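Written below as structure tokens is the structure these notes are about.
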Amino acid sequence: MNTTPSATWLPGGTVYGTLLNFQREFALWAPQMNEPPYKSPPKAPVLYVKTANTFTACSQSIALPAGASVEVAASLGLVMGAGGVTGIVLFNDVAIAHESYYRPPVKTRCVDGFLGLGPECVPLDQLGGLNALRELEIELHRNGVHKQTTRLAEWVRDAATLLADVCEFMSLRPGDVLMTGTDCLPEGRRELVHAGDTVEITAPGFQTVVHHFVAEELA
């Protein structure tokens, strides 16, 4: 695997993230799903948007707001073309730690720089198609130490099902990206980062995703 990425890929459209798409986190939240205001588990995928100001190219630095607890997680993104999914990208999805996953506030997920981009869009057929993605395992390392393995076999909705369910209520256009979700750690949280940390995300068939975290410069 090439571990010296060229950091050239950028999304050509809107990037959407998916919540509660891993079995462990879904099970942890299940007892609260019947409480107000929803009173039942979500029937459709729960999505959020990562706006263009969040994009940070591979190997670049991400600034951490002062006083905020910031978490990171690996995600796999489906890149849309004219005829459907054409490629796959790895992401480092960054967010300010927060409680609600039903209505995640924009201010926790759309902070400047808070989507670490993989360096390349890997052609889907090179990975064996949508169904083969379930075989992938994504590893997250912080400062060279393994912190998490995300097993896509543990999706609630696999890639094809997620895509079909999303397209029932909205259109995805060429250049758009649908991230398939992030998994939590066993205790329900995600890996926290601090200024000075470096996070690497790896998966078979992909160049390594690398981002450095620094303290936000105050004006």
Side-chain angles (χ1 to χ4, degrees), residues 5 7-22 25 42 44-65 68-81 85-122 133 138 140 148 150 152 155-157 159 162-163 165-167 169-184 190-193 199-201 203 206 209-214 216:
T8 57
W9 183 82
L10 286 172
T14 302
V15 177
Y16 300 93
T18 306
L19 302 177
L20 298 170
N21 199 37
F22 278 86
E25 187 167 48
V46 182
L47 303 182
Y48 57 95
V49 175
K50 299 294 281 200
T51 48
N53 66 295
T54 66
F55 301 164
T56 298
C58 190
S59 300
Q60 300 303 306
S61 295
I62 297 174
L64 301 178
S69 294
V70 175
E71 57 190 20
V72 295
S75 188
L76 193 80
L78 313 178
V79 181
M80 305 303 298
V85 179
T86 59
I88 307 296
V89 176
L90 283 181
F91 291 94
N92 181 359
D93 194 2
V94 186
I96 295 174
H98 55 282
E99 294 299 323
S100 174
Y101 271 83
Y102 282 103
R103 290 181 178 174
V106 170
K107 66 181 181 180
T108 67
R109 292 192 173 271
C110 292
V111 178
D112 289 350
F114 268 30
L115 184 62
L117 308 176
E120 59 176 348
C121 178
V122 177
L133 298 179
I138 308 172
L140 185 149
Q148 185 178 16
T150 299
L152 302 190
W155 275 329
V156 173
R157 289 176 170 91
L162 176 65
L163 182 62
D165 287 353
V166 167
C167 288
F169 62 85
M170 62 179 282
S171 298
L172 293 172
R173 300 176 179 177
D176 287 348
V177 182
L178 177 62
M179 293 194 295
T180 55
T182 65
D183 201 6
C184 62
R190 284 165 174 75
E191 183 67 21
L192 295 176
V193 291
V199 173
E200 296 181 335
I201 293 172
F206 293 85
V209 182
V210 181
H211 291 92
H212 312 287
F213 290 83
V214 299
E216 183 179 59

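The model shown is predicted, which means the values in this text are computed figures rather than measured ones.
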Min side-chain heavy-atom separation Met80-Leu163 under 4.5 Å = yes

Closest approach of Asn21 and Thr180, non-hydrogen atoms and distance?
-> ND2-O, 2.9 Å

Just wondering, do Phe206 and Glu120 contact through their side chains at under 4.5 Å, heavy atoms?
-> yes

Nearest-0.5 Å distance, CD1 of residue Ile138 to OG of residue Ser75 = 7.0 Å

Would a 4.5 Å heavy-atom cut-off, applied to side chains only, mark Val177 and Phe91 as touching?
-> yes

Could you state the interatomic distance from CD1 (Ile88) to CG (Leu133), rounded to the nearest 0.5 Å?
-> 5.0 Å

CZ/Phe114 to NZ/Lys50 distance, rounded to the nearest 0.5 angstrom?
-> 7.5 Å

Please report the C-alpha distance between Leu117 and Val89 in whole Å, then the side-chain angles of each, then the deciding distance to 0.1 Å, and finally whether the side chain to side chain contact (heavy atoms under 4.5 Å, CB included) criterion is met.
-> CA-CA 8 Å; Leu117 308 176; Val89 176; 5.8 Å; no

Closest heavy-atom pair and its distance - Glu25, Cys184 = CB-SG, 3.7 Å

Does the side chain to side chain contact (heavy atoms under 4.5 Å, CB included) test come out yes or no for Leu90 and Leu76, once each step is laid out?
-> CA-CA 5 Å; Leu90 283 181; Leu76 193 80; 3.7 Å; yes

Hey, mind stepping through Thr54 and Asp112 against side chain to side chain contact (heavy atoms under 4.5 Å, CB included) and telling me if it holds?
-> CA-CA 5 Å; Thr54 66; Asp112 289 350; over 6 Å; no

Taking only residues two or more places apart in sequence, or in another chain, which ones meet Gln148 in a side chain to side chain contact (heavy atoms under 4.5 Å, CB included)?
-> Leu140, Thr150, Asp183, Leu185

Answer whether the closest heavy-atom distance between the side chains of Leu64 and Glu216 falls below 4.5 Å.
-> no

Non-hydrogen side-chain atoms of Trp155 and Phe22 separated by less than 4.5 Å = yes

Where do Ala74 and Thr182 come nearest, in terms of heavy atoms and distance?
-> O-CG2, 3.5 Å

Nearest heavy atoms of Thr56 and Gly113, plus distance in Å = OG1-O, 2.8 Å

Take Met170 and Leu47 through the test side chain to side chain contact (heavy atoms under 4.5 Å, CB included) and record every step on the way to the result.
-> CA-CA 11 Å; Met170 62 179 282; Leu47 303 182; 3.6 Å; yes

What pairs with Ala52 under side chain to side chain contact (heavy atoms under 4.5 Å, CB included), at least two apart in sequence or on another chain?
-> Phe55

Looking only at heavy atoms, which two atoms of Val209 and Cys58 are closest? And how far apart?
-> CA-SG, 3.9 Å

Do Thr18 and Arg157 have side chains that get closer than 4.5 Å, going by heavy atoms?
-> no

Indicate yes or no for a side-chain donor-acceptor contact from His212 to the backbone of Val199 under 3.5 Å, with no hydrogens or angles considered.
-> no

Side-chain touch Val15/Met179, heavy atoms, less than 4.5 angstrom | yes

Using a 4.5 Å cut-off on heavy atoms from C-beta on, say whether the side chain of Thr108 contacts that of Tyr48.
-> no

At their closest point, which heavy atom of Ala159 faces which heavy atom of Leu78, and how far apart are they?
-> O-CD1, 4.1 Å

First locate atom CG of Asn92, then atom NE2 of His211, and finally report the distance between them rounded to the nearest 0.5 Å.
-> 6.5 Å

